[in-house]
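Values below: every heavy atom of this structure, side chains too, minus hydrogens, waters and symmetry copies. Just so we're on the same page: letters track the sequence lines, and every chain starts at 1.
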Amino acid sequence: MSDVVIKVNNLCKSFKNRKVLKGITEEIDVGEVVVVIGPSGSGKSTFLRCLNLLEKPDEGEVMIDGEQINLPGVDVDRLRRKMGMVFQHFNLFPHLTVLENITLAPMKVNGLSAEEAKEKAMELLDRVGLTEKVNDYPASLSGGQKQRIAIARALAMDPEIMLFDEPTSALDPEMVGEVLDVMKNLAKNGMTMVVVTHEMGFAREVGTRLLFMDEGNILEKGTPDEVLNDPKEERTQSFLSKVLI
Amino acid sequence: MSLWWADVVDTFQRCFISEERYKLLISGIGVTIKVSLLAVVLGIIIGFLIALCNLSKKKAFNVIGKVYTDVIRGTPSVTQLMIIYFVVFATINWSKWIIAAIAFGINSGAYVSEIIRAGILSIDKGQTEAGRSLGLSAKQTMMTIVVPQAVKNIFPALGNEFITLIKETAIVGYVGLIDIQKAGDFIRVRHTKHSCLLSEQRSYISYL
């Protein structure tokens, strides 16, 4: 038995009168790469954002490392350090250079010195293949480069878990590959990942498990091969028939 | 033509030269500068604090910010100046110009707070989310990520506000301070030369 790192129990969330999550229950183990797919509006992004409390759940429990995090009085900032997040629109800080983007949190939060932080940043930039951009501002980077920097920025905090919220949806098709390569590498190195995406190829190749969400529920789950090749639910079949070519 | 020119020279003579009137105007400029500079500083400090109140998640702070901006923006600045001078500071023996500057600072703070609030709200929510998701606290995110970006949006509007503020100080005559406006008035009343008003205007423009 492997260790459960994320445990979600009966998670509910509404915006105004619309129920977005209708009681999600799920466990994610260390080292898993869980890919979440589903039509827009199905609640997959909200599910992801509830894991690091960017959205506050209305009901239910979110446990990280056995500790319930959606309780009043829990130090959210401390818990968020365990989780890195990568956004659809990168959200790099435009007023800071690439280096400053990466070193900001390690210095402010973990108290690293400027040199230690820089050393680490260079290591990460090397990993995402962008060492030559260290002193550039985000505005001068392409979408794919921005997203690779955003991944490096999240990794700089040494997270146990990485959350990806449609990391390639805002990219030109040509640039999707370079970002997915970085993510595949991460997966190979044993990082626990939760990825919301429409990249079925990625799901098939590196996903250890696949969740299909629709209308606030997890409708179907299994290994990527099971779900993609032999979907049981009708809704899954009709979704996949539109997505897969 | 020569008659007209003679008139101009005569007016100039009366407005500036005779009885060393230029000295009165210069000291008037000094008062305007002192009052407006201190008021600008106070306006920024108060404006920033009130903006934080307005943006806070705590209801009590919201109410304070809302009442402050509504009351200050909803009443004439002359009234506020006179209330501060004749009521609030009635028994406190500070220099007139400091009290006047406090009144203008309080007034300006309400407008500055709205400018700052708008500037901060103009920054994409994703920036805050990115900061928080990295483990930065709400305060750290605000000070290192949101505010530095908001400043760029705030500056032009803030410049406008301060030009308005400087001109607004022309009402300090109401509490007996002799600024450019009042100095010009004295000269004008004594010599019934309304063209002296032009000299006041020029003084403001050169200050700005």
**Fill in**
Whatever's closer than 4.5 Å to a heavy atom in chain B on A:Met83 counts as backbone
**Asked** Considering only heavy atoms, which portion of A:Arg153 lies under 4.5 Å from any heavy atom of chain B: side chain, backbone, both, or neither?
**Response** both
**Item:** Under 4.5 Å from a heavy atom of chain A, the part of B:Gln140 involved
**Value:** side chain
**Item:** Which portion of A:Phe93 sits near chain B, non-hydrogen atoms under 4.5 angstrom
**Value:** both
**Request:** Give, as side chain, backbone, both or neither, the part of A:Leu92 having an atom under 4.5 angstrom from any heavy atom of chain B.
**Result:** backbone
**Asked** Looking at CZ of A:Arg209 and CD1 of A:Ile28, how far apart are the two atoms once the value is rounded to the nearest 0.5 Å?
**Response** 6.5 Å
**Request:** Among the options A:Pro94, A:Gly84, A:Ala150, pick out the one with the most heavy-atom pairs lying under 4.5 Å from chain B.
**Result:** A:Pro94
**Request:** Show the numbers, then the answer: is there a side-chain hydrogen bond (donor to acceptor under 3.5 Å, both in side chains) between B:Ser122 and B:Asn153?
**Result:** CA-CA 8 Å; B:Ser122 72; B:Asn153 298 342; 2.7 Å; yes
**Message:** Just by distance, no angles: are the side chains of B:Gln80 and B:Thr75 close enough, under 3.5 Å, to form a donor-acceptor pair?
**Reply:** yes
**Message:** What I want to check is whether the side chains of A:Thr168 and A:Gln147 have a donor and an acceptor closer together than 3.5 Å.
**Reply:** no
**When A:Asn52, A:Leu54, A:Asn110 are compared by non-hydrogen pairs under 4.5 Å with chain B, the top option** = A:Leu54
**Asked** Which heavy atom in B:Leu55 sits nearest to a heavy atom in B:Arg117, and how many Å separate them?
**Response** CD2-CG, 3.7 Å
**Item:** Residues A:Arg81, A:Asp158: salt bridge by 4.0 Å N-O rule
**Value:** no
